[in-house]
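What follows is a short report on a single structure.
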Amino acid sequence: MNEQLQPAVKALAGRFDASVSEFHGETTLMVPSEQLVAACQTLRDEFDFNLLESETAVDYWPQQEPRFHVVYQVYSLRGNLRLCLRVPVSGMHPSMPTIEGIYLNANWHEREIWDMFGIRFEGHSDLRRILMPYDWEGHPLRKDYPLGYEEVAFTFNVDEIDQGKPYAKE
Amino acid sequence: MTTVTEVSLDELRHLVSERAIAGETMLLNMGPQHPSTHGVLRLLLELDGELVINCIPDIGFLHTGIEKNMEAKTYEKAAVMTDRLDYLNNLGNNLVYCLAIEKLAELDVPPRAQVIRVLLTELQRISSHLVWLGTHALDLAAMSVFLYTFREREFILDIFEMVSGQRMMTTYFRQGGLWRDVPDEFEDAVRQFIRLFPRRIDEYESLLTKNPLFLERTRKIGIISGEDAIHWGVTGPPLRASGVAFDLRKAQPYSGYEQYDFVIPTQTDGDTYARYLVRMEEMRQSLRIVQQALDNLPGGPVRSDNRKYVPPPRSELATSMEAVIHHFKLWTEGFDLPKGAVYVPVESPRGELGVFLESDGGPKPYRVHWRTPSFVNLQALPLLAKGHLVADLVALIGTIDVVLGDVDR
Amino acid sequence: MGIEQKTADMGIVTMRLEQAVNWARTNAMWPMLFGLACCAIEMMAAQASNFDMSRFGMELMRASPRQSDLMIVAGRVSRKMAPVLRRLYDQMPAPKWVIAMGDCASCGGIFNNYAIVQGVDEVVPVDVYVAGCPPRPEALIHGILTLHEKVRGENLKKWA
């Protein structure tokens, strides 16, 4: 681990009971969701991690505990340091606090996570679908959501598929 | 066919100001099909006459489900989809995907492949900036610049076609290196391009840089300070034009970028004109890198020979049994990456492009997330557009350099 | 044969009304700007100076559907965009033609999933399909010339 990361990691591990792990030179802190806002505030104000690079989620279905991990990548411009935070979330309709107040660009990232995974963010100013149409049902990037592909047409089934497809008339 | 559902204004009430509900200001839809939105971007504008009070982007009209589709394909097959994300930076997308796989698999890339990767990525950067310049100038009514930049772009596309057979969606970078070695005519073609391009940039600059009409339309339009840019996560030329010298090629070099001598251009004004100057200078610096890469091109193989991840060349199949077994495994099931997650960022022409790749030990990516620069930069558009005219909005969309494939994935 | 020779010498040309109308339609067919994704870049390259489309009569790309004849659907059509596409097609005045440019518009391309309409002919009736991912500008021009041939053989009653 980069020695310059040590103070931030130690502070977070101590204050917010975060567990630390390292993989291929990247440091990851597992933070419980109640402590997330406080941890991000500390990171931004005390340790100058001022850029939220990325926020995404991973679905571990059919494992239920936890079902999702929300992954944050924060970056410090001055120190050229990157830290990864992971927050475990569970349940069919999970929810967790938003960090929109700390990092402004989390707004659209969290809308996308709501759209694709169905994780609600409490306190978000404008949580609605961003990539899918407004009336879409379901959350596409969940593992139990089907890919929705059309059957590949070979000679033996091409007529069948043709009849099933809605072709446009004038 | 999807049915059209009417969404009432009540659900969007919190987005617009009180004056709009009262009817004082006008709500205008700058719809998904518009000549200046550079793709299918929908903007809901709240206007007071011609002045923009608020601008709400509505995206998702090009959502392709690439992240979910990549989970259903093996790693090598999913690489084909990566070109089509940011369709002006095909090789850059390939590069970041291959870097992520190589980081997880701890795969070594031979030096010749690294240098050619840098060379082609910089050519791709020049080509992307040429399209930006052409369309930006076209929106501001300088139509001849569009024709000139597309003429230059054809040279670069000819080089890509010579190398990989395809003009745009090349998928030339694969895990472990390149798909195949560059042909003999490559060096001459690149030298010819290096010889003719600087004068062409001078030509564009003579048309635009001191042009009073261009200055009138771009000076003091869309000013964003460095602080605001960092808060909104804006990276790339918009950030560098606001004074923050952050470029991933210098901060966290990848693929051998630390060996090249180039400058990161920055400006301090933070307006549209500053972003224009930054990108023009970036084109010159990219050409410098291309020249250095071509002069120092080492010999050797272009792909790693770790047969667990890289298929053997066909000539070996006739003589070696292990080669046949590796070939069979790699082309049917695909290779397995060890369990774990990595995040790899690179500098694309639009900003920071990052791949978050999580593997569960199987042959297909468990989760691929693309942190795309246009998605994050577009969030800052309402901030840039407040207080400007509708005509300036056109310049602003061009200056952030949005590519909707990047935004919607 | 003889009388046509005579009239031609006098500077008079005779043809069927259908031929004249179709000839006029092909020679000044204005496409609508409907570039969606990667194919749009190749469409722009086809309009630029290397593979000039203006020599076939397509001098400008009109952004307004009310003023265009040809809709080149260039790029992948997502489920959110499909109603918009249909509405724009309905807004175009007859006679109108559609070219599905690229694999994604023709059949869904490499994206066989929940988000992409598998072939734009589910939404609008297509006249010419141009294959490629993206098709070269020459391929697009070939598609346009194929459409011109189709239009030259059209019956007047089709758009009457």
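Every heavy atom of this structure was used, including side-chain atoms; hydrogens, water molecules and symmetry mates were not.
Applying the 6.0 Å contact sphere to OH of A/Tyr149 captures no more than 12 heavy atoms from other residues, nucleotides or ligands. Taking a 6.0 Å sphere around CD of A/Glu122, one finds it holds more than 12 heavy atoms contributed by other residues, nucleotides or ligands. Sparse packing is recorded around NE2 of C/His142, with 12 or fewer heavy atoms of other residues, nucleotides or ligands lying under 6.0 Å away. Enclosure of atom CZ in C/Arg55 by more than 12 non-hydrogen atoms of other residues, nucleotides or ligands within 6.0 angstrom is indicated.
Here the CD atom belonging to A/Glu150 is positioned 6.5 Å from the CD atom belonging to C/Glu122, to the nearest 0.5 angstrom.
Between A/Pro133 and C/Arg79, the shortest heavy-atom contact is CG-C, 4.5 Å.
Aromatic ring pairs are classed by plane angle as parallel below 30°, tilted from 30° to 60° and perpendicular above 60°; the pair A/Trp136 and C/Tyr114 is tilted.
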